[in-house]
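Input: a single structure, listed below in structure tokens.
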Amino acid sequence: MVRAQVAPATLLALVTALWLCAAPVAAQLPEFGGDEPVEITADRIDYVQERELYVAEGNVHVVQGTKSLRARWATFSGLTRLGVASGDIRYRDGGEVVDADFIQFDVDNLEGVLFGGELDLGDQQFRIAAQELVRVGEDRYRIFGARFTTCRCSDPTAEVPWELNAGRSEIEIGGYGTSRNTTMEVLGVPVIWLPWLMYPVKADRQTGLLVPRVSAGGRNGFAIAQPFFWAARHNLNITLTPGFSQDRGYQQGAEIETVHGRIGRTRLNGSFARDTATEETGNRFDPTEQIGLKRGFGELQHDQELPGDLRFKIDATYVSDNQYVLDFDDLRERRRDRFLESSAFIYGARGADGRLAFQLSSRFADDLQSTEFDDRDPYLLQRFIDFEAQVLTGPVGDLSWLNFGMDVGYEYFDRLEDPLSTFRQRGYTDPVTVLGQRSVDVGISAIPNATTAIQPPPPDVTREDGFYQEGEPLFDIGHRATIHPRIQVPLRLFDAVEWGVEAGWKQTLYYSKEREFEERGLATARSDLSIRMTRQYDVGRHQQIEHRMTPRLSWVYVSHDGGQDKNPLFTPRTAVTQYRIRQRDLDNLTLDPADEIPATNRLVASLDHRLYRTSRGRRALIGEFGLGFDYDFASGGRVGRFIAEARGVRLGWSMSRAHIAIDAQRGTVDEVSAVTTIRWPWRITTTFGYRFVPDGPDFFEAFQTAKFKRFSADFDEINQVSGAISLPLYDRFRVNYRANYTFAGAFFLTNTGSIDYISTCDCWAAGFQISQSRDDNLRFQFRYTVVGIGDDAQNPFAGAGWFRTD
């Protein structure tokens with residue numbers, strides 16, 4: 001073997017020839033003649049002086065910096081300025097690799113032809129095999145008889161899962177490629193022919209078609225959508241998605257995403273449809289024509305940094321009609337929501353330790369609980385202005401034994417229309433009662449006659465009962481200001497005992513249209529005593545179990561104000577009290593934002609346990625267990641709730657959480673909830689859940705089915721069981737099933753099954769899903785994903801996967 005270590009000027013002709021052989025696949029071709037040395041090895045190197053011909057034979061290997069070229073034979077003529085190389089040619093430059101049988105090139109204009117070449121652009125990018133590959137400029141090639149694919153199957157004799165066959169193509173590495181007379185093949189079978197195709201030839205996000213979305217059944221019949229992605233700028237993405245469904249016709253979707261500043265981001269998403277399933281109308285108050293032909297939605301999420309260390313955010317959603325979230329899939333995850341909430345706010349913090357935090361916001365809620373004719377949006381009370389400032393509890397100057405904190409707030413409540421005028425405008429003639437100028441006593445439907453758009457109208461026993469019910473329209477509008485200063489004395493002994501005593505005064509001022517000026521003052525106080533005890537157990541070599549037990553005794557007090565029923569009602573009490581949440585965190589009692597707060601004089605005793613496992617210096621939480629009990633002196637010495645809960649408990653391959661709340665006074669169960677997930681051997685996963693609430697909240701839902709048909713819901717309790725299982729089949733398939741069933745009414749809330757597959761080469765995946773729910777018909781959906789083109793999808797068995805399960 002002959003080895004030569006030379007400077008570029010010594011064998012410039014041969015070096016240039018050999019490097020130009022590789023030029024058609026180089027990302028960038030440098031000027032040779034610089035200072036970087038070239039190392040050439042071959043079994044034999046000859047020079048024919050009279051013809052200025054250089055010939056290298058046998059294991060030819062040329063290395064310069066990060067580039068290398070291998071061939072069995074290469075030659076270059078200084079007279080003709082032409083060169084050729086042949087025999088197992090492989091050129092490598094970084095992540096780009098080309099294999100070829102023969103290369104012919106022109107030294108001066110850098111144009112050349114590879115015969116029987118195969119170009120590899122790196123992981124998750126194209127592999128290109130061509131009969132001829134012609135270099136027409138730096139990083140630009142004209143290709144004849146090409147095959148394109150991103151698949152890298154371990155078995156070279158196996159059928160390629162997918163590939164593009166093109167008669168003629170032009171590509172620019174790091175740019176785009178175009179092909180004519182192109183056929184896409186799946187497992188060797190032609191599935192689509194395209195006269196012209198454009199595609200990216202680089203790893204960055206690129207403009208092009210994304211994988212189509214196909215589904216059948218549900219409320220839309222057979223549906224297909226074809227997303228088109230446009231990388232408009234380095235910080236701007238635009239996706240246009242035209243679609244067509246059998247039952248609803250054409251739909252056009254658009255999504256715009258942009259990033260700005262250090263952390264700023266804006267996303268605008270929307271869709272417009274000419275719904276052929278509805279009749280065109282411009283009168284929203286005509287009960288025979290509730291929905292128009294033109295339907296759509298819009299979403300805006302915005303996050304921006306402002307001067308002065310401020311942050312501005314918007315999270316807004318708009319729908320053309322209340323039925324849209326049920327009829328279309330754009331907002332499928334919002335189908336269980338009673339309100340579609342939008343907000344915009346500015347927030348920030350001040351002080352060296354950030355103790356002063358503030359936020360200014362505006363909120364709007366779109367009521368989805370009725371038909372378009374009976375839409376409650378015009379008279380729904382909105383929180384148009386909401387200002388909050390908080391001084392976080394902390395030491396007062398150098399007095400470490402005295403802490404101070406304060407909450408300050410201002411809110412303005414208003415609506416678009418007066419409920420009584422809206423009822424008259426819509427033609428309701430039944431008289432309605434306004435309770436104390438605070439709420440309209442029309443029942444939880446918030447609609448006189450329950451609703452005239454549903455015949456026969458469902459009964460509403462809460463109408464004209466003389467009491468406010470959650471859901472009835474609030475009548476008054478106006479302002480509310482709150483200030484709640486608090487002082488606290490903390491005590492800590494032996495790094496184990498903590499005792500804190502707090503006292504405060506919560507003053508609320510009102511000015512409303514109906515009541516004018518009113519006020520409320522409440523004294524608040526609390527005491528928290530806890531002892532933390534820790535013990536460790538050796539359970540094996542380099543392993544320990546740590547048990548941390550914390551008994552706690554707390555007391556909370558909120559004074560009585562008998563005049564609250566004369567104040568404006570802007571924020572009612574919750575219809576169903578969350579006893580467990582209030583017992584675990586007493587701030588939910590002292591900081592309650594409701595306008596009617598009952599007197600509280602409550603003692604709470606609890607015992608918490610935490611278990612940790614330490615192995616070779618690594619500490620992990622095994623689980624948390626808690627027991628709690630309360631006694632309320634303010635309600636005549638009433639025995640409260642006994643609550644037991646377990647959070648994040650890991651036992652073997654399982655993860656569980658559960659809680660139960662028992663009314664000790666009546667001896668009844670208030671709430672039960674449990675969820676357990678088990679990861680079995682062989683990659684099997686199961687989940688089981690149960691929830692029971694004997695007295696669920698009452699709300700109006702007669703509209704919540706297709707075409708606003710009535711849904712019988714003559715039960716008050718929540719008694720539901722849920723389950724899910726995920727099974728691997730062979731190595732690349734996975735079968736999934738999940739369901740929710742309610743014993744109250746005896747029917748399935750949701751029922752979903754799917755089967756997913758990922759190819760052995762990890763370059764494509766497919767899934768088929770069947771689903772049904774109480775607000776949707778039987779639905780079929782097919783998903784196909786090409787891995788490595790326009791996405792970063794991974795093997796679904798390694799994580800959550802691509803396929804939606806909602």
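Because the structure is predicted, anything quoted here is derived from the model rather than measured.
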For the side chain of [X] and the backbone of [Y], is there at least one donor-acceptor N/O pair under 3.5 Å apart?
{"X": "T742", "Y": "F747", "result": "no"}
{"X": "T600", "Y": "R602", "result": "no"}
{"X": "R355", "Y": "L392", "result": "yes"}
{"X": "D608", "Y": "T550", "result": "no"}
{"X": "D377", "Y": "D367", "result": "yes"}
{"X": "K566", "Y": "E518", "result": "no"}
{"X": "R415", "Y": "F475", "result": "yes"}

Salt bridge R311-D303, side-chain N to carboxylate O under 4.0 Å
yes
Indicate yes or no: does R641 engage D670 in a salt bridge with an N to O separation below 4.0 Å.
yes
Determine, step by step, whether V434 and L420 satisfy the side chain to side chain contact (heavy atoms under 4.5 Å, CB included) criterion, reporting the C-alpha distance in whole Å, the side-chain angles of both residues, the deciding distance to 0.1 Å, and the verdict.
CA-CA 9 Å; V434 179; L420 300 183; 4.2 Å; yes
Flag side-chain contact, heavy atom, 4.5 Å: [X] against [Y]:
{"X": "L368", "Y": "R334", "answer": "no"}
{"X": "Y468", "Y": "L474", "answer": "yes"}
{"X": "V440", "Y": "F423", "answer": "yes"}
{"X": "S342", "Y": "D366", "answer": "no"}
{"X": "F328", "Y": "F297", "answer": "no"}
{"X": "Y318", "Y": "S320", "answer": "yes"}
{"X": "F345", "Y": "D386", "answer": "no"}
{"X": "N567", "Y": "R515", "answer": "no"}

What closest approach, in Å, do [X] and [Y] show between heavy atoms, and which atom pair accounts for it?
{"X": "A664", "Y": "V639", "result": "CB-CG1, 3.5 Å"}
{"X": "P551", "Y": "I531", "result": "CD-O, 2.9 Å"}
{"X": "V501", "Y": "S527", "result": "CG2-OG, 4.2 Å"}
{"X": "I643", "Y": "A661", "result": "CG1-CB, 3.9 Å"}
{"X": "F387", "Y": "L360", "result": "CB-CD1, 4.1 Å"}
{"X": "S512", "Y": "D476", "result": "OG-OD2, 2.6 Å"}

Going by the side chain to side chain donor-acceptor pair (under 3.5 Å) test, name the single residue among [options] that passes it with [X].
{"X": "R438", "options": "E514, E596, E472", "answer": "E596"}
{"X": "R582", "options": "T577, D592, D587, N588", "answer": "D592"}
{"X": "T524", "options": "H484, K506, E502", "answer": "H484"}

Steps toward side chain to side chain contact (heavy atoms under 4.5 Å, CB included) verdict (D407, R486)
CA-CA 9 Å; D407 295 328; R486 302 177 302 279; 3.1 Å; yes
Would you say the side chains of [X] and [Y] form a donor-acceptor pair under 3.5 Å?
{"X": "T750", "Y": "N740", "value": "yes"}
{"X": "E417", "Y": "T422", "value": "yes"}
{"X": "S530", "Y": "R552", "value": "no"}
{"X": "Y579", "Y": "D630", "value": "no"}
{"X": "S773", "Y": "R335", "value": "no"}
{"X": "D528", "Y": "S554", "value": "yes"}
{"X": "R691", "Y": "Q720", "value": "no"}
{"X": "R520", "Y": "Q564", "value": "yes"}

Return the [atom1] to [atom2] distance between [X] and [Y], rounded to the nearest 0.5 Å.
{"X": "I718", "Y": "D695", "atom1": "CD1", "atom2": "CG", "value": "10.0 Å"}
{"X": "K513", "Y": "D418", "atom1": "NZ", "atom2": "CG", "value": "6.0 Å"}
{"X": "R492", "Y": "E498", "atom1": "CZ", "atom2": "CD", "value": "4.0 Å"}
{"X": "E645", "Y": "S673", "atom1": "CD", "atom2": "OG", "value": "10.5 Å"}
{"X": "Q304", "Y": "I346", "atom1": "CD", "atom2": "CD1", "value": "9.5 Å"}
{"X": "L522", "Y": "Q507", "atom1": "CG", "atom2": "CD", "value": "8.5 Å"}

More than 12 heavy atoms of other residues, nucleotides or ligands under 6.0 Å from [atom1] of [X]: yes or no?
{"X": "D585", "atom1": "CG", "value": "yes"}
{"X": "W555", "atom1": "CH2", "value": "yes"}
{"X": "L591", "atom1": "CG", "value": "yes"}

CA sep, side-chain torsions, deciding dist, call: T668, I662, side chain to side chain contact (heavy atoms under 4.5 Å, CB included):
CA-CA 6 Å; T668 58; I662 300 174; over 6 Å; no
Quick one: sort the Y412 and F384 rings into parallel, tilted or perpendicular, breaks at 30° and 60°.
tilted
Aromatic plane relationship, H479 with Y511 - under 30° parallel, 30 to 60° tilted, over 60° perpendicular:
tilted
Please check if the distance between the ring centroids of F629 and Y631 is under 6.0 Å.
no
Go through it in stages, so that I can follow the logic: the residues are R383 and E411, the test is salt bridge (charged side-chain N to carboxylate O under 4.0 Å, His left out), and I'd like the CA-CA distance, side-chain angles, deciding distance and then a yes or no.
CA-CA 7 Å; R383 195 176 313 215; E411 297 146 296; 2.6 Å; yes
One pair to check against ring-ring contact (aromatic ring centres under 6.0 Å, His included): F692 and F743. What are the steps and the verdict?
CA-CA 10 Å; F692 173 72; F743 295 103; over 10 Å; no
Show the numbers, then the answer: is there a side chain to side chain contact (heavy atoms under 4.5 Å, CB included) between N601 and Y557?
CA-CA 5 Å; N601 187 5; Y557 173 80; 4.2 Å; yes
Kindly indicate, with the supporting measurements, whether the criterion salt bridge (charged side-chain N to carboxylate O under 4.0 Å, His left out) is fulfilled by R363 and E341.
CA-CA 7 Å; R363 306 176 187 274; E341 298 187 24; 5.9 Å; no
